[in-house]
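First up is the structure itself, then whatever we jot down about it.
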Amino acid sequence: MTTRREFLKHSAATIAALTLPVSARAKTGPFTKLTARPASMQLAPPSYPKTDIWGYDGIMPGPELRIARGARVQRSFRNALPQASSVHWHGIRIDNAMDGVAGLTQLAVEPGQTFDYDFVAPDAGTYWYHAHNRSVEQVARGLYGALIVEEDEPPEVDREEVLILDDWLLDPETAQIDPDFDSVHDRSHAGRRGNFIATNGRPDLSLEVRQNERLRLRLINAANARIFVLSLAGLEGWSIALDGMPLASPEPLTDALILGPGQRADLIVDVTANQGETAHLVRIEDQEGFSQVAFPVTGLASAERRGEPAALPRNPKMEVTGLEDAVFVRLNMQGGAMGSLDAAVLDGERKSFRELVDANQFWAFNGTIGMTEAPLAELALGQTVELEIYNDTSFPHAMHLHGMHFREIGQDGTPGPLRDTLMMFGGETRTIGFVADNPGDWLFHCHMLSHAASGMMTWVRVA
Ligand code: C2O
Ligand code: CU
């Protein structure tokens, strides 16, 4: 007779032998560390002192995490900062317990403490990770990095570049980060915007290319509040994914590309400038163009441009189904300077706008400042939601939903691209739809981090 113990031993060995290929065993190995700590780097030109930053593993951007679709990320986060922190994996349709929202999905990780993040990335695409406790300060100090999930069959390109766009608010003499993260003006207006604009921490990023070379550019806007308006010079191409999710077909880049805080865009571009010229990713500000990234053309990759690229392979569960039976939720965004908010509820009490100003709180959702006791919506698992958002303020906002992607529903009912962050300009009403297929408590907030810190934050519960 086989004893229970022998049976267990036997079957465990059999299962291990039969089902665990070497790579799968490697995946469950020890957690790799990810340490947030103070560091310094040469951010401003060399004639300036180094800038004190906070970085993952002491670098900025933090280490690029690159995995295959469906693979597992196991990182032991260690907090070596002087304040509590947490890590959010922006755009990953993640297990709620691993979403990294201090105060909602986990406790903030105190200085000297650790937290093990362990999750599977179900979708290929361009994602990023960043601090999610006092984000307005921690992200501004440099706590972010790219999280790249590779397609099973990546598109054919000559090379790929991850470009993280940010702006820094630096003291023009010392090149140190302005420590006023609670500035009344930034909070009540367009958010904290920097005076020093960089890509991957470089104000003058320059990448040598060859004529007719095909590049995949993965753009990530890590700025606190800056909306990047981008166009191409000496480069021509297509947008192939937004917020990590593939577009149904590549869209030619003819108009300017608007990249709000938290948003990403994947582009395929061909170098059309001649040898000896310099192509640019151009940033447009007040109708003027600036070089965000320079691409000096130093050779010839091929005699001719290639043909139009194919669409990226689809990710699982990309359709927003069940819109006919959707529950309807409405969100009014209010407040800020030059707005019409005259009173709102703060910590359970109704306050006049004057009192809100004194409390340095400026923004409300449906009449309440900041997180409410009850969620904005309590949703059954699998329920489809239609969320109508009215931006009754004078400012643009970048509305980010955690845990699930949504599609904007156009006037005629046609769904837009699948995204996780929606740019909303002043006075606009827009409707998004999503399937509440990921259980847990999920934040929905403005990714202009000064706005989130002064009221623009709510949550939904998927039961
Ligand atoms: Cu990228 Cu709640 O954040
Ligand atoms: Cu905002």
Side-chain angles (χ1 to χ4, degrees), residues 187-191 221 225 227 229 242-243 245 255-263 319-345 353 356 361-372 374-379 383-436 442-452 454-460:
R187 283 183 168 223
S188 58
H189 291 73
N221 183 351
I227 302 164
V229 181
L242 293 172
D243 295 350
M245 294 295 175
D255 302 333
L257 173 75
I258 295 178
L259 203 63
Q263 292 187 319
E319 288 326 312
V320 177
T321 53
L323 278 167
E324 329 68 66
D325 304 313
V327 288
F328 184 80
V329 180
R330 198 181 151 91
L331 184 73
N332 277 332
M333 310 172 67
Q334 309 146 307
M338 301 168 283
S340 58
L341 186 71
D342 41 45
V345 175
F353 194 71
L356 296 174
Q361 296 292 329
F362 298 97
W363 308 92
F365 284 154
N366 293 346
T368 301
I369 307 265
M371 294 290 276
T372 42
L376 170 69
E378 213 164 328
L379 307 162
Q383 173 73 58
T384 301
V385 187
E386 199 177 313
L387 176 55
E388 185 185 87
I389 312 169
Y390 171 40
N391 178 4
D392 187 15
T393 81
S394 304
F395 293 91
H397 303 283
M399 293 303 297
H400 171 47
L401 178 64
H402 284 221
M404 292 156 289
H405 276 58
F406 53 78
R407 288 183 189 268
E408 179 166 4
I409 304 163
Q411 304 288 2
D412 57 353
T414 43
L418 193 66
R419 316 200 59 143
D420 62 38
T421 306
L422 178 74
M423 271 309 307
M424 294 221 32
F425 294 90
E428 280 184 341
T429 299
R430 313 262 294 269
T431 302
I432 60 172
F434 66 94
V435 182
W442 302 107
L443 215 55
F444 184 48
H445 66 95
C446 180
H447 220 287
M448 290 166 167
L449 301 172
S450 309
H451 293 173
S454 53
M456 283 203 150
M457 213 183 264
T458 186
W459 61 295
V460 297

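Heads up: numbering here begins at 1 and tracks the sequence.
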Exercise for review: Quick one: pull up CG in L387 and CZ in F444 and give me the separation to the nearest 0.5 Å.
Suggested key: 5.0 Å
Practice item. Kindly indicate whether the side chain of L356, heavy atoms from C-beta on, has any atom under 4.5 Å from the side chain of L341. Key: yes
Check your understanding: Just how far is it from atom CD of Q334 to atom CD1 of I369, taken to the nearest 0.5 Å?
Key -> 8.5 Å
Check your understanding: Going from CE on M456 to CZ on F362, what distance comes out if it is rounded to the nearest 0.5 angstrom?
Key -> 12.5 Å
**Study point:** I227 vs M448 side-chain heavy atoms within contact, under 4.5 Å
**Key:** yes
Point to revise | Worked verdict on L443 versus M371 for side-chain contact (heavy atoms from CB on, under 4.5 Å) | key: CA-CA 9 Å; L443 215 55; M371 294 290 276; 3.6 Å; yes
Practice item. Could you check if a side-chain atom of L376 sits within less than 4.5 angstrom of a side-chain atom of F365, using non-hydrogen atoms only? Key: no
Point to revise | Side-chain heavy-atom pair H451, M457 within 4.5 angstrom cut-off | key: no
Review point. Are side-chain heavy atoms of V435 and M404 found at a separation under 4.5 Å?
Key: no
Check your understanding: Are H402 and H445 close enough that their ring centers fall under 6.0 Å?
Key -> yes
Review point. Is the closest side-chain heavy-atom distance between P417 and L242 below 4.5 Å?
Key: yes
**Study point:** E386: partners by salt bridge (charged side-chain N to carboxylate O under 4.0 Å, His left out), with sequence neighbours left out
**Key:** none
Point to revise | Pairwise side-chain contact, M245 with D420, heavy-atom cut-off 4.5 Å (strictly under) | key: no
Check your understanding: What residues, two or more places apart in sequence or in another chain, satisfy salt bridge (charged side-chain N to carboxylate O under 4.0 Å, His left out) together with D243?
Key -> R264, R419
Review point. How long is the gap from SG on C446 to NE2 on H400, to the nearest 0.5 Å?
Key: 11.0 Å
Revision key, fill the gap. Sorted by chain and residue number, the salt bridge (charged side-chain N to carboxylate O under 4.0 Å, His left out) partners of E378 (sequence neighbours excluded) come out as none
Study note, to complete from the structure: Separation between CD1 (I432) and CZ (R407), nearest 0.5 Å, reads 12.5 Å
**Study point:** Sole residue of T431, L331, N332 in side chain to side chain contact (heavy atoms under 4.5 Å, CB included) with I389
**Key:** L331
Point to revise | Nearest-0.5 Å distance that lies between atom CH2 in W442 and atom OG1 in T458 | key: 15.0 Å
Check your understanding: When the ring planes of H189 and F395 are compared, do they come out parallel, tilted or perpendicular, using 30° and 60° as the limits?
Key -> perpendicular
